Enquirer: 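My questions will all concern the structure given below.
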Amino acid sequence: VRASGEGVRALIGRVFVSGVLLLERVATLGRVVDARGATIDEGLALFFAAPRSYTGEDLLELHVHGSPAVVRDVLAALLEAGARLAGPGEFTRRAFLAGKLDLSAAEAVADLIEAEHRSAARAAAARLAGGVATEVERVRAEIDDVLEALAAAVDFPDEVNAPERADLSARLAGARDALAALAKTWEHGRLVREGVTVAIVGASNAGKSSLLNALLGAERALVSEFAGTTRDTIEETLALDGFVARIVDTAGIRRLSGFATGAERVEAAGIARSEAALAQSRVALVVVDASVALSADAAAIVERTRGRERVVLYNKADLGRAAFDARDPWERDALLGSAFDALTVTALKGALRGVVLGDQRIDVERPSLASARQADAVLEARRALDFALQTLTDGAPIDLLAGDLMAATRALGQITGREASEALLDAIFARFCVGK
Ligand SMILES: Nc1nc2c(ncn2[C@@H]2O[C@H](COP(=O)(O)OP(=O)(O)O)[C@@H](O)[C@H]2O)c(=O)[nH]1
Ligand SMILES: [Mg+2]
């Protein structure tokens, strides 16, 4: 439980009792007490004096036993002693206001808390180290330099030579390209953070559930020789060298006749969920039984997923390859293999990576933009630079550049928080949970 702000020193006297003096930055054993002095718990107190704390303010941490009841009582004691509950992200917000973090680092804190996956955590940590802010500030400084040169030439036309147009163009184009590169990291960053949803679809009994299990290396989904074993969708997370795939196993999709029996109605509900999973996924992993002639249901799914991002696996190659050999010329890149074969599973992971990444390399250590807000700001700055560059090519007077260049620096300032509005801060810190 932590408390931050001016009243912290007074709070300590009311809620923490120890035989020894509570020194700054020294874990001290004692008792946490309520307003009547009754002991709630024994624990450690840590005091950080301003400005050397996370928030930049006086900050107290009470380390108590993890039972929710104890924590609740400790909170109650602090409230009674004069504290109030923090808003979501308020600690980090105060850290930002005290100049401890820039805004992109504060967002990285939120991502770090949310990061489910190691590579996502690494990317968040890289951003926390200030990579994005450094790059943005570099570009901003470059534009500021150009602005200064322009201002000097406009204010003192007799003493200062007007900057060379070619030189201005080169500098602004450099800044624009740096922003374009930064914008590209947004797409990558989103892959790392949010992952990609992959729906395993196909006719029943094609081996979809077997494939999910093989991909995960664990028996997650029920497999049987009876068609219709999978009724509901099952979702699991798979790390694929650089990004996370959320793999959804679905019930087999087939056309049902008009008059449905009770069992078929249950099946129809399962099929509806499969359809929804397919519609919501980015990538379709289509599984076809290769060992027998292509069924109408299998053909329909292959047909329907053509043109979207997908991987087609003709499965059960150990039993035969009739359907694979009879496949459409469109499906030249389909895979032939078996869910029981490790090489097939490796090839499949490679194919999924290929579909999602193409030949891009994801470097999770590279700082990347972390939010649509940051991406928008970069885009806005880039557009302003494009206008400025156009002005230069058109041969218009160079004092016309200033407006666009100022717009560009303003947009970039929103990323590091130099120009952040109160409303923007509210929106960002609302993402945090209370206590962070
Ligand atoms: N021989 C062989 N059998 C397989 C293969 N993949 C799945 N099966 C079997 O096919 C049946 C249906 O598999 P299942 O994964 O439940 O299919 P689903 O209905 O598409 O989920 C089970 O008996 C599996 O053991 C394979 O590559 N080779
Ligand atoms: Mg299944």
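Ligands are counted one by one from 1 in listed order, and the atoms in each one are counted from 1 as well. For the single chain, residues carry numbers from 1 onward in sequence order. What you see is a predicted model, and the numbers here were worked out from it, not measured in a lab.
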Enquirer: Using heavy atoms and a 4.0 Å limit, tell me yes or no: is Gly252 in contact with ligand 1?
Expert: no

Enquirer: Nearest protein heavy atom to atom 28 (N) of ligand 1, by residue and atom, and its distance?
Expert: Asp318 OD1, 2.9 Å

Enquirer: Could you check atom 11 (C) of ligand 1 against the protein and tell me its nearest heavy-atom contact, residue, atom and distance included?
Expert: Ser224 O, 3.5 Å

Enquirer: Where is the nearest protein heavy atom to atom 6 (N) of ligand 1: which residue, which atom, and how far?
Expert: Asn315 ND2, 3.1 Å

Enquirer: Consider every N or O of Ala317 and every N or O of ligand 1, then say whether any pair is closer than 3.5 Å.
Expert: no

Enquirer: How many protein N, O or S atoms sit closer than 2.8 Å to the Mg ion (ligand 2)?
Expert: 2

Enquirer: Looking only at protein heavy atoms, which one is nearest to atom 13 (O) of ligand 1, and how far off is it?
Expert: Ser210 OG, 3.5 Å

Enquirer: Asp34 versus Val15: any side-chain heavy-atom pair under 4.5 Å?
Expert: no

Enquirer: Should the pair Arg327 and Phe324 be classed as cation-pi, given the thresholds of under 6.0 Å to the six-membered ring centre and 45° from the axis?
Expert: yes

Enquirer: I'd like to check which ligand 1 atoms, numbered from 1 as shown, lie under 4.0 Å from a non-hydrogen atom of Ser209.
Expert: 15 (O), 18 (P), 21 (O)

Enquirer: Any idea which atoms of ligand 1 are less than 4.0 Å away from a heavy-atom of Leu319?
Expert: 1 (N)

Enquirer: Considering only heavy atoms from C-beta outward, does the side chain of Asp73 approach that of Asp41 to under 4.5 Å?
Expert: no

Enquirer: Looking only at protein heavy atoms, identify the closest one to atom 17 (O) of ligand 1 and say how far it is in Å.
Expert: Gly207 N, 3.1 Å

Enquirer: Among protein heavy atoms, which sits nearest to atom 10 (O) of ligand 1, and what does the distance come to when rounded to 0.1 Å?
Expert: Lys316 NZ, 3.1 Å

Enquirer: Among all the protein's non-hydrogen atoms, which is closest to atom 18 (P) of ligand 1, and how far away is it?
Expert: Lys208 N, 3.5 Å

Enquirer: What's the shortest distance from atom 8 (N) of ligand 1 to any protein heavy atom, and which residue and atom give it?
Expert: Phe340 CZ, 3.6 Å

